[in-house]
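Structure record follows, encoded as structure tokens.
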Amino acid sequence: MAVIERPREKLSTLDGVNLMFDIAASCLGLKESMRQLLRVPYRQIQVEVPIVNDAGELEVYTGYRVQHDGARGPYKGGIRYHPTANMDEVRALAAIMTWKTAVIDVPFGGAKGGVMVDPRRLSARELEALTRKFTQRLGDFIGPYRDIPAPDMNTNAQTMAWMMDEYGRRHGFTPGVVTGKPVELWGIRGREEATGRGVWLALDEAARQWDFELQDARVVIQGFGNVGSHTARFLHEAGCRIVAVSDVDGGIYNPDGLDIPDLIRAKNKGIPVPAYRDPDARRVSNEELLELDCDVLIPAAIAHVIDLHNAERIRARIIVEAANAPVSPAVDGILEGRGIRIIPDVLANAGGVTVSYFEWIQNIQMQAWDEDHVERELERKMRQAVRHLMEVAEKENVDMRTAAYMIGIDAVARARQLRGF
Ligand code: NAD
């Protein structure tokens, strides 16, 4: 497998996604006109989101939704609440969703949304008001056959319940407008942990193909939210040794392995990772954590945490991109040159959108799937996608990230062509 040459310079998340698009489009020999069509998003929405805070004052936030491409089905993608959310980042993440839904082969396009807000500063009532107002502002641009949001950073099943309820005020009962809802409110069993389960399955299938022993493998995970904590649990159950985890406040490291079930219990009680008591663990910063000696490194928090400043110091043998865009494509060559394999985001974290697809089917058919069915179908789709991607990478002699983009772009370009212009 060869990494196609990339400029070694600091890239924004959007630059990184566009660079990968150009590389894969060149490998596919895609026409310039089609490149233009697929590079630029279909629609970008920016809205003001005013709320009255608990002190009775007006606060105004900015919300974004980018619908990147809908050739293969309704737009689909998460909504994040983050102080640095901005249009360029949302654009990049929307494009990633377009390629992801094609790679995992679910009939959706790609979208993403965000509100620039630090949700830790907001009370539950303020968060509800923000979510309802944002949903109102998105108006008819979302809908079960148009654009279907889901949870992402700092949003969860409760956020989706509010969105569904607010949308329903104008449109009537429409559970399929969002996925990742609470199970009691037409959500699907297994969605909460789906992304983490998918990360484990992607790693497990790739490890089989590479003859890499996962039993007792030393794993480091950055981010202990939905994706990070569930990934930790599945890998712990699979016999891996989770030696370090972190959240936004910092991390802890114990070379003998951390007690993951207990850490998750602590997290659910609201205890930050660095405050967790393990007499054999030492505290590490998020920067240090990424550079720890380990077999598998799983960044599950934010974008471009592995970049030119630290790529030479990463000591893992495999990186699994559980977050979106945690590794800048500018350093793929440096990592690959040092023998580090990368399982790219568009594949590694596709378990979430896959189970979202099952939830959506369940909602539009008014049926309920049992959990075994969800797990079996997710496993089948994840393993199939990993094998297919590895075959393409080998056949085309490209790295896994380029192969993933090639699969995604090819599928979307074909759909566009068939629809006509
Ligand atoms: P989350 O809000 O549940 O958890 C995020 C975690 O990252 C928290 O532990 C937080 O403390 C930590 N974090 C935040 N900023 C950090 C920083 N600067 N340094 C280190 N840690 C930091 O979010 P999530 O849903 O787990 O999403 C995590 C990543 O996975 C995001 O990139 C998201 O886009 C991606 N993703 C999520 C899903 C999903 O189903 N939730 C699906 C696909 C991809």
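One-based numbering, in listed order, for ligands and for the atoms of each.
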Is the shortest distance from a Lys or Arg side-chain nitrogen in D69 or R416 to a carboxylate oxygen in the other one below 4.0 Å?
yes
Between D370 and R189, is there a salt bridge with N-O shorter than 4.0 Å?
no
How long is the gap from OG on S229 to CD1 on I264, to the nearest 0.5 Å?
5.0 Å
Below 4.0 angstrom from a heavy atom of [X], which ligand 1 atoms are there? Numbered from 1 as shown, please.
X	answer
R80	31 (C), 32 (O), 33 (C), 34 (O)
D152	25 (O), 33 (C), 34 (O), 36 (N), 37 (C)
R191	40 (O)
I302	15 (N), 17 (C), 18 (N)
N286	19 (N), 20 (C)
V248	10 (C), 11 (O), 12 (C), 13 (N), 14 (C), 15 (N), 16 (C), 21 (N), 22 (C)

Counting heavy atoms only, which of N324, D345, T195, T84 is nearest atom 42 (C) of ligand 1?
T195
Option of least heavy-atom distance to atom 31 (C) of ligand 1 (set: G352, A322, A301):
A301
Please report whether ligand 1 has a polar contact with N154, defined as an N or O pair separated by less than 3.5 Å (distance criterion only).
yes
Is there a polar contact between ligand 1 and F224, counting only N or O atoms under 3.5 Å apart?
yes
Looking at H236 versus W200, is the centre-to-centre ring distance below 6.0 Å?
no
Is the ring centre of F134 less than 6.0 Å from the ring centre of W162?
no
Any non-hydrogen side-chain atom of N156 less than 4.5 Å from a side-chain atom of N226?
no
Going by heavy atoms in the side chains, are L389 and L347 under 4.5 Å from each other?
yes
Out of curiosity, is A300 lining ligand 1, as in a heavy atom under 4.0 Å away?
yes
Result for side chain to side chain contact (heavy atoms under 4.5 Å, CB included) between I96 and one of N349, T101, V17 points to V17
Among protein heavy atoms, which sits nearest to atom 37 (C) of ligand 1, and what does the distance come to when rounded to 0.1 Å?
V227 CG2, 3.4 Å
